[in-house]
Amino acid sequence: MLLLEDVRKSYPQPGATPLAILDVPRLEVMAGEQVVIRGRSGCGKTTLLNAIGGLTAVDSGSVQVRGRDLTKLAEAARDRFRARHIGYVFQTFNLLAGFTALENVLLGMTFTGQSADPERARSLLDRVGLSHREHHRPMAMSVGEQQRTAVARALANKPVLLLADEPTANVDPAHQQQIIDLLRGACRDEGVAMLLVTHSNEVAAQFDRVEQLEEINRVVAGAPTAAV
Ligand SMILES: Nc1ncnc2c1ncn2[C@@H]1O[C@H](COP(=O)(O)OP(=O)(O)OP(=O)(O)O)[C@@H](O)[C@H]1O
Ligand SMILES: [Mg+2]
């Protein structure tokens with residue numbers, strides 16, 4: 001379902017050689033599989049998810065989702081493919097400030113060119129415990145509520161692949177488990193594969209497959225020298 005081969009990604013640096021972040025020979029995720037990605041801060045987890053989601057162009061290699069190589073698609077086609085097939089819970093949520101929780105979920109649906117399904121949007125908000133906040137805009141929601149809205153939005157289109165970048169980093173333990181249960185349950189019910197980044201041992205322990213990014217990535221990111 002997801003297959004990465006020889007994916008390299010570096011960031012340009014003014015006046016210096018590019019900063020290599022990823023060199024991943026292979027990463028495969030089966031349909032419906034749930035995988036945790038771990039690794040220390042700055043090792044490239046968000047960069048990896050962005051490469052898989054087609055938000056970041058890779059330097060070389062292929063990123064195949066359902067047999068389609070995203071690196072070969074033009075930007076507009078890649079955006080359409082992502083909207084239709086990939087759900088993304090961003091580390092920083094990326095909710096639209098001018099829209100309520102319900103509108104944010106509904107908007108995610110319209111990006112695919114299909115009509116929005118208010119009933120599904122409401123039931124997803126209900127599953128993340130936000131029925132009573134559906135008309136709140138992000139500024140009028142707690143950080144954890146914004147995170148839960150982002151989870152509902154990512155599931156809105158019944159994607160084949162869900163990318164979740166630390167989706168429980170900003171919520172209390174009760175809601176942390178609720179979000180994990182929601183993500184896992186919804187992905188299981190709808191046959192969605194999931195790649196989830198987490199720093200939490202408690203969360204990672206619930207998954208059968210845990211990949212340490214440093215082990216699948218050949219780039220050894222320069223560890224910062226401790227200041228003395
Ligand atoms: N646009 C960019 N330009 C240059 N360097 C970048 C850019 N984005 C990220 N980096 C660098 O790439 C490295 C990997 O960043 P990334 O966000 O993928 O890390 P991460 O593993 O998700 O970390 P965290 O656990 O803190 O979220 C970092 O060292 C970061 O400084
Ligand atoms: Mg990150």
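Read the numbers this way: they start at 1 and go in the same order the structure lists the ligands and their atoms. Scope of the values below: all heavy atoms of this structure, side chains included, with no hydrogens, waters or symmetry mates.
Within a 4.0 Å radius of atom 5 (N) of ligand 1, the protein has at least one heavy atom. Protein heavy atoms are found less than 4.0 angstrom from atom 14 (C) of ligand 1.
Distances below 4.0 Å separate heavy atoms of I21 from the following atoms of ligand 1: 12 (O), 13 (C). Those atoms of ligand 1 that come under 4.0 Å of a heavy atom in G44, given as number and element, are 14 (C), 18 (O), 19 (O), 20 (P), 21 (O). The contact set between ligand 1 and E166, taken as ligand atoms under 4.0 Å from a residue heavy atom, comprises 25 (O), 27 (O). Set against the non-hydrogen atoms of Q91, the atoms of ligand 1 under 4.0 Å away are 27 (O).
Between the side chains of R148 and N170, not a single donor N or O lies within less than 3.5 Å of an accepting N or O. For the residue pair H199 / E166, a side-chain donor-acceptor distance below 3.5 Å is found, with atom types taken as modelled. A donor and an acceptor atom, one from each side chain of Y88 and N50, are located under 3.5 Å apart. Checked by atom type, the side-chain pair Q34/R184 shows a donor-acceptor distance below 3.5 Å. One side chain, Q206 or Q177, offers a donor N or O that lies under 3.5 Å from an acceptor on the other. Side-chain N/O atoms of D126 and S131 include a donor and acceptor closer than 3.5 Å.
Going from atom CG of L161 over to atom CD1 of I52 covers 7.0 Å, rounded to the nearest 0.5 Å.
The single protein non-hydrogen atom nearest to atom 26 (O) of ligand 1 is S41 OG, 2.6 Å, given as residue, atom name and distance. Shortest contact from atom 17 (O) of ligand 1 to any protein heavy atom: T46 CB, 3.6 Å. The nearest heavy-atom contact from the protein to atom 10 (N) of ligand 1 is Y11 CE1, 3.4 Å. The closest protein non-hydrogen atom to atom 25 (O) of ligand 1 is K45 NZ, 2.7 Å.
Taking the charged nitrogens against the carboxylate oxygens, D69 and K72 do have a contact shorter than 4.0 Å, which makes a salt bridge. At a threshold of 4.0 Å, the pair R122-E134 counts as salt-bridged, since one of the basic side-chain nitrogens sits closer than that to a carboxylate oxygen.
Among the atoms of P12, none of the N or O lies under 3.5 angstrom from an N or O of ligand 1. Considering backbone and side-chain N/O of L19, none are found under 3.5 Å from N/O of ligand 1.
The option from L213, T47, I37 that lies nearest to atom 18 (O) of ligand 1, judged by heavy atoms, is T47. Among S10, G42, A20, the residue whose heavy atom lies closest to atom 28 (C) of ligand 1 is G42.
Contact record, G87 with P159: N-CB, 3.4 Å, taken as the closest heavy-atom pair.
Judged by distance alone, the side chain of E33 and the main-chain N or O of M30 form a donor-acceptor pair under 3.5 Å.
Using a cut-off of 2.8 Å, one finds that T46 contributes an N/O/S atom close to the Mg ion (ligand 2). Using a cut-off of 2.8 Å, one finds that S41 contributes no N/O/S atom close to the Mg ion (ligand 2).
In this structure, G39 falls outside the shell of residues with a heavy atom less than 4.0 angstrom from ligand 1. Ligand 1 lies within reach of H199, whose nearest heavy atom is under 4.0 Å from it.
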